Amino acid sequence: MSDKPVDNGKRTWLIASTCAGAVGGIAAAVPFVASFQPSERAKAAGAAVEVDVSALKPGEKLTVEWRGKPVWIVRRTPEQLATLPKIDPLLADPASDRKPDELTPEYARNVHRSIKPEYLVAVGICSHLGCSPSDKFQTGAQPSLPDDWPGGFFCPCHGSTFDMAGRVYKNKPAPDNLEVPPHMYLTDTRLLIGEDKAA
């Protein structure tokens with residue numbers, strides 16, 4: 001053990017400089033560590049989207065963006081809903097059995113492919129080559145559609161047709177139904193797209 005007296009001034013200076021160095025190191029590390037966090041833009045790209053559907057009238061469609069994709073919310077009329085079970089024989093995947101976990105959540109594996117029969121929530125991207133189909137809600141003969149057209153969606157790129165539940169018709173280029181994104185109702189008229197589990 002040394003008998004030399006302790007230099008209190010030197011000791012204080014060493015402690016102070018060590019603390020200052022530690023604070024400086026932390027300050028330098030914070031921006032670096034923060035860079036690992038997703039940007040606000042990235043968060044927004046995957047964030048759930050809340051939509052008020054109270055103003056949507058029967059027969060109308062609203063489009064919102066979720067994860068950079070157009071999501072359609074269609075309020076179907078009673079007549080449009082009534083046609084859905086009648087056209088099952090004309091569809092390639094009427095019960096949404098293909099890729100069920102990828103394209104159709106369990107709560108939408110029904111004839112209307114939705115939680116509430118009145119509202120269709122679907123990603124508006126054709127399963128063929130990623131084009132966006134057009135609304136063809138009017139029934140009857142129209143260019144590029146059959147004379148007994150019951151209403152639905154038509155992809156002008158390669159002629160794929162979908163019914164009012166986003167189910168693809170047989171013998172069309174599109175291999176699958178339109179995707180139903182995860183969604184849930186917060187109230188009767190407020191819809192959350194991108195989440196389907198209550199917190």
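Counting begins at 1 with the first residue of the sequence. Since the structure is predicted, the reported quantities are computational estimates derived from the model, not experimental observations.
Put simply, the side chain of Glu179 reaches to within 4.5 Å of the side chain of Lys69, judged on heavy atoms. Inter-residue side-chain proximity for Phe137 and Pro150 is flagged as unmet; no heavy-atom pair is nearer than 4.5 Å. Within the 4.5 Å cutoff, the side chain of Leu91 has heavy atoms near those of the Asp163 side chain. Within the 4.5 Å cutoff, the side chain of Pro181 has heavy atoms near those of the Val121 side chain. Leu192 is not listed as a side-chain neighbour of Val49, based on a closest heavy-atom distance of 4.5 Å or more. Contact check for Ile73 versus Leu191: side-chain heavy atoms found under the 4.5 Å cut-off. A 4.5 Å side-chain heavy-atom check between Glu60 and Arg75 finds every atom pair outside the cut-off.
Under the 4.5 Å side-chain heavy-atom criterion for grouping Ile, Leu, Val, Met, Phe, Trp and Tyr, Leu103 is not connected to Met184 through any hydrophobic cluster. Residues Ile115 and Trp66 share a hydrophobic cluster, clusters being chains of Ile/Leu/Val/Met/Phe/Trp/Tyr side chains in contact below 4.5 Å. Note on Tyr107 and Leu178: separate hydrophobic clusters, where clusters join Ile, Leu, Val, Met, Phe, Trp and Tyr whose side-chain heavy atoms are under 4.5 Å apart, directly or indirectly. Leu84 and Val180 fall into different hydrophobic clusters, defined by Ile, Leu, Val, Met, Phe, Trp and Tyr side-chain heavy atoms under 4.5 Å apart, directly or through other members.
Two rings, from Tyr119 and His183, have their centers 6.0 Å or more apart. Taking the six-membered ring for Trp, Trp149 and Phe154 have ring centres at least 6.0 Å apart.
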Item to complete: Begin with the C-alpha distance, continue with both residues' side-chain angles, and end with the deciding distance and a verdict on side-chain contact (heavy atoms from CB on, under 4.5 Å) for Ser160 and Tyr169.
Response: CA-CA 7 Å; Ser160 293; Tyr169 280 79; over 6 Å; no
Practice prompt. Decide yes or no on side-chain contact (heavy atoms from CB on, under 4.5 Å) for Arg167 and Val111, but give the supporting numbers first.
Written response: CA-CA 9 Å; Arg167 300 177 298 174; Val111 70; 3.9 Å; yes
Worksheet item: So Leu120 and Trp72, side-chain contact (heavy atoms from CB on, under 4.5 Å) or not? Walk me through it.
Response: CA-CA 7 Å; Leu120 168 68; Trp72 298 336; 5.6 Å; no
Practice prompt. Please lay out, stage by stage, how Arg113 and Thr104 fare under the test side chain to side chain donor-acceptor pair (under 3.5 Å).
Written response: CA-CA 8 Å; Arg113 295 187 79 224; Thr104 313; 2.8 Å; yes
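Taking each heavy atom of Ala165 and Arg76 in turn, the nearest pair found is CA-NH1, 3.5 Å. In this structure, Met164 and Val74 approach most closely via the heavy-atom pair CE-CG1, 3.9 Å. Considering every non-hydrogen atom in both Lys172 and Val168, the closest pair reads CB-CG2, 4.3 Å. Of all non-hydrogen atoms in Arg190 and Glu50, the two that sit nearest each other are NE-OE2, 2.6 Å. Heavy atoms only, all atoms of each residue included: Pro70 and Thr63 are closest at CB-CG2, 3.9 Å. Closest heavy-atom contact between Ala92 and Pro94: C-CD, 3.7 Å.
Applying the side chain to side chain donor-acceptor pair (under 3.5 Å) test to residues at least two apart or on different chains, the pairs with a partner in residues 132-147 are Lys61-Asp135.
In this view, Arg109 and Asp101 satisfy the side chain to side chain donor-acceptor pair (under 3.5 Å) rule, not counting sequence neighbours.
Of the inter-residue distances, the one linking Glu106 atom CD with Asp196 atom CG reads 10.5 Å to the nearest 0.5 angstrom. Here CG of Asn177 is found 7.5 Å from CZ of Phe162. Values are rounded to the nearest 0.5 Å.
Here the side chain of Thr189 pairs no donor or acceptor atom with the backbone of Ser54 at under 3.5 angstrom.
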